[in-house]
Amino acid sequence: MSAIEVFADTLGNYLEPDQVNLVRRAYFYAEQAHDGQTRRSGEPYVTHPLAVANILADMHMDHQSLMAAMLHDVIEDTGIPKDALVEQFGDTVAELVDGVSKLTQMTFESKAEAQAENFQKMALAMARDIRVILVKLADRLHNMRTLGALAPEKRRRIAKETLEIYAPIANRLGMHSLSTEFEDLGFKAMYPMRSMLIDRAVRNARGNRKELLNRILESLQACLEREGLQGKVMGREKHLYGIYQKMRGKKKSFNEIMDVYAFRIIVDKPDTCYRVLGAVHSLYKPFPGRFKDYIAIPKANGYQSLHTTLFGMHGVPIEIQIRTDEMEELANNGIAAHWVYKSKDEVINGNHARTRQWLKSVLELQQNAGNSLEFIENVKIDLFPDEVYIFTPKGRIMELPKGSTPVDFAYAVHTDIGNSCIACRVNRRLAPLSEPLESGETVEIITAPGARPNPAWLSFVITGKARSNIRHFLKHQRHSESIALGERLLDKVLASFGTQLSDIPEARIQAVLTDCQMELMEDLLADIGLGNRMAYVVARRLLAAEGASEEEDTQKISPDSNTDNSEKPLAIRGTEGLVVSFARCCNPIPGDPIVGYLSSGKGMVIHQENCRNLADNRHNSEKTLHLTWDKDVSGEFTVELRVELEHQRGIIAQLATGITVADASIDKISVDERDGRVSVVQLVVRVRDRLHLSQLIKRIRNLKGVMRITRLKN
Ligand code: MN
């Protein structure tokens, strides 16, 4: 018997003979139209539409859907016009075929803009006749099943599209069997290695699980029997992509996921579901808070079932789903299940109405949305809850992972925008750069020439692009800043020997570099700047006579104390960047006597000369060096102040105003009430230098109610 006759035979189970004949006719029409065409695998082309019709027949779809499946590639691939199909098979089937062809022509590109249009078309097609989508999904399923014949790159593109577009749509339509198969096939094609490893691990685990699985199964069956309840108990396995997503998303280990034993109990009517629930709850203790009643409150896609988790023997978690045959059919085939009931003239049940409702709301959204950009936002929230869609000021849509911040957005637009971003407006209002964005917001990034990424951004960005770009920039910046500092430190020591780097013979420099196992002078300078090497030691080596040993060096060469340069300490400009930082214990500001402490890998930390934290290291002269402030020092510096004041209304506000008027900014303010009368205020403020600080202190002291003000040093 030919393939079509075998197929026609199975259709006889649920279709009328004249309907089966129409399907057969559509097959022969397609066979002729595709005559001479083959699939990549070498088979005649018509095997593909036949397989698509088979998938739909498994879902018991009506004869018109099956005819459209047979003909779905005719318009697209053979040039036969739609009119010809109208003549042969009538308007409905021709419309279905036309709808599928239009969907086929859309390729979903990564660009969100292009997707908006496509989504709209898709939804329009859905609203006109949902069967277009079902035929298209079956078409995609067969293509996914036979993906192996394609070139790797095309394979990946189709797999990505399947995971991003078709699997969620199938899920949204309640077609669980289809969406899990899409996911597993897509996963296998996108990540062959990962899929294979998980598959192998599942196979291995299956052997170990088998005995316990059977024991639980038997005890559940025995429990139903004791209670006189009819029900089919079956073990349930998680699909590969589901396991992968749990491992990635919820950061669970493979064993944690496999340690859960899952079962489904299928019964005759809803009432029995609850009685079975009672029975299993008395068999094993339920996990508190894990029971879900999707029978009373179905999911948005019409899914109904009871879910519960039990503590099994030895405490193993047992997940149980309890549902009727009808609910099971709906859970697997979703919207496609409705055609069966419809053809049997049954009453439209609640699920059907709900799915209709969903389709209707999609259509309404589409009509209300003035443009496609607005539309995509609404539909995609529904389909892809893990992503946010952000508008640029010009109306472009950027797709970002959920939790993305304006900095992630800035880097998604362009690396240069990210690197030079200083602030942002969300929906035209200034907003923090760290705030997670929500779908539909319009984000404008404010940049400034010469601005740089802030290391603190790394604590809140979530996209790989932002993270790697910030890291890259900082690493680069740190490197060039350490070179600059290293050069200054080395120059200073060389000056104390009465010489400078440019006077050292190239051969000598090369010898020292070889000694240090380095290729470039820059790397050696960077190492000095980072505090990994002492400038003094490097200088001595550079000055040593060729071939001289270390000990001899020390005796022969000592700093020339007569030179002016040796007395001149290094001057701090405040613009050294990441390799120079100011100690938080003593908060030095320009004007304070300071010393620098070189800390391996961190560069130089500047302390006040009399800082207590430095007491141990002060005599470690190699690591500590005397510094001055450059006369052109720039920037703002943090100081801590302690103010005692008489408690009276509005005094804190006056204090804050006084600081602002003195042109200083407040970083932190905390009030500690001593007794009813006196309060102690701790302030962290930023000032330019000591002169600025003394003006500030004078102003605060003059405020009415202020009793004492002191600068805090650890
Ligand atoms: Mn096709």
Side-chain angles (χ1 to χ4, degrees), residues 3-4 7 23-59 61-82 84-85 88-89 92-109 118 121-122 125-126 129-151 153-167 169-170 173 175 177-179 181-182 185-186 189 336:
I4 177 63
F7 180 54
V23 176
R24 202 189 265 120
R25 241 185 75 207
Y27 170 83
F28 288 122
Y29 190 92
E31 190 181 43
Q32 208 166 31
H34 290 293
D35 189 32
Q37 298 177 345
T38 50
R39 298 208 89 209
R40 195 59 66 94
S41 61
E43 293 168 294
Y45 195 85
V46 76
T47 54
H48 165 61
L50 180 61
V52 175
N54 243 305
I55 291 169
L56 292 167
D58 284 343
M59 297 189 269
M61 288 295 295
D62 68 333
H63 71 287
Q64 289 178 324
S65 307
L66 301 182
M67 290 166 76
M70 293 296 189
L71 300 164
H72 81 270
D73 280 330
V74 163
I75 295 181
E76 174 85 1
D77 290 350
T78 73
I80 287 174
K82 183 181 163 192
L85 294 183
Q88 280 288 327
F89 301 102
T92 313
V93 173
E95 280 296 335
L96 289 174
V97 175
D98 190 45
V100 178
S101 304
K102 284 185 178 140
L103 280 179
T104 307
Q105 283 163 9
M106 304 174 195
T107 44
F108 293 92
E109 286 165 31
N118 296 337
K121 286 184 196 157
M122 194 151 195
M126 281 167 103
D129 195 329
I130 186 72
R131 290 177 294 179
V132 168
I133 298 289
L134 300 181
V135 175
K136 182 65 204 167
L137 291 174
D139 175 35
R140 174 52 65 110
L141 182 61
H142 184 243
N143 285 335
M144 286 301 291
R145 284 176 180 170
T146 53
L147 208 54
L150 297 181
E153 198 180 322
K154 194 167 181 197
R155 202 152 57 194
R156 259 196 306 279
R157 185 182 63 76
I158 293 180
K160 186 164 185 276
E161 196 178 271
T162 301
L163 287 176
E164 289 181 353
I165 309 284
Y166 290 99
I169 285 175
L173 297 176
M175 305 168 81
S177 313
L178 202 61
S179 74
E181 192 172 349
F182 272 147
L185 291 171

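Order of listing sets the numbers, starting from 1, for every ligand and every atom in it.
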For Arg156, all residues meeting side-chain contact (heavy atoms from CB on, under 4.5 Å), sequence neighbours excluded: Met190
Gln37 side chain to Asp77 backbone, donor-acceptor under 3.5 Å: yes
N, O or S atoms of the protein lying under 2.8 Å from the Mn ion (ligand 1): His48 NE2, His72 NE2, Asp73 OD2, Asp139 OD1
Summary of salt bridge (charged side-chain N to carboxylate O under 4.0 Å, His left out) pairs that have at least one residue in residues 32-59, sequence neighbours excluded: none
Side-chain heavy-atom pair Met59, Leu137 within 4.5 angstrom cut-off: no
Arg140 side chain to Ile158 backbone, donor-acceptor under 3.5 Å: yes
Test side-chain contact (heavy atoms from CB on, under 4.5 Å) applied to Ala57 - qualifying residues, sequence neighbours left out: Phe7, Leu11, Tyr14, Leu66
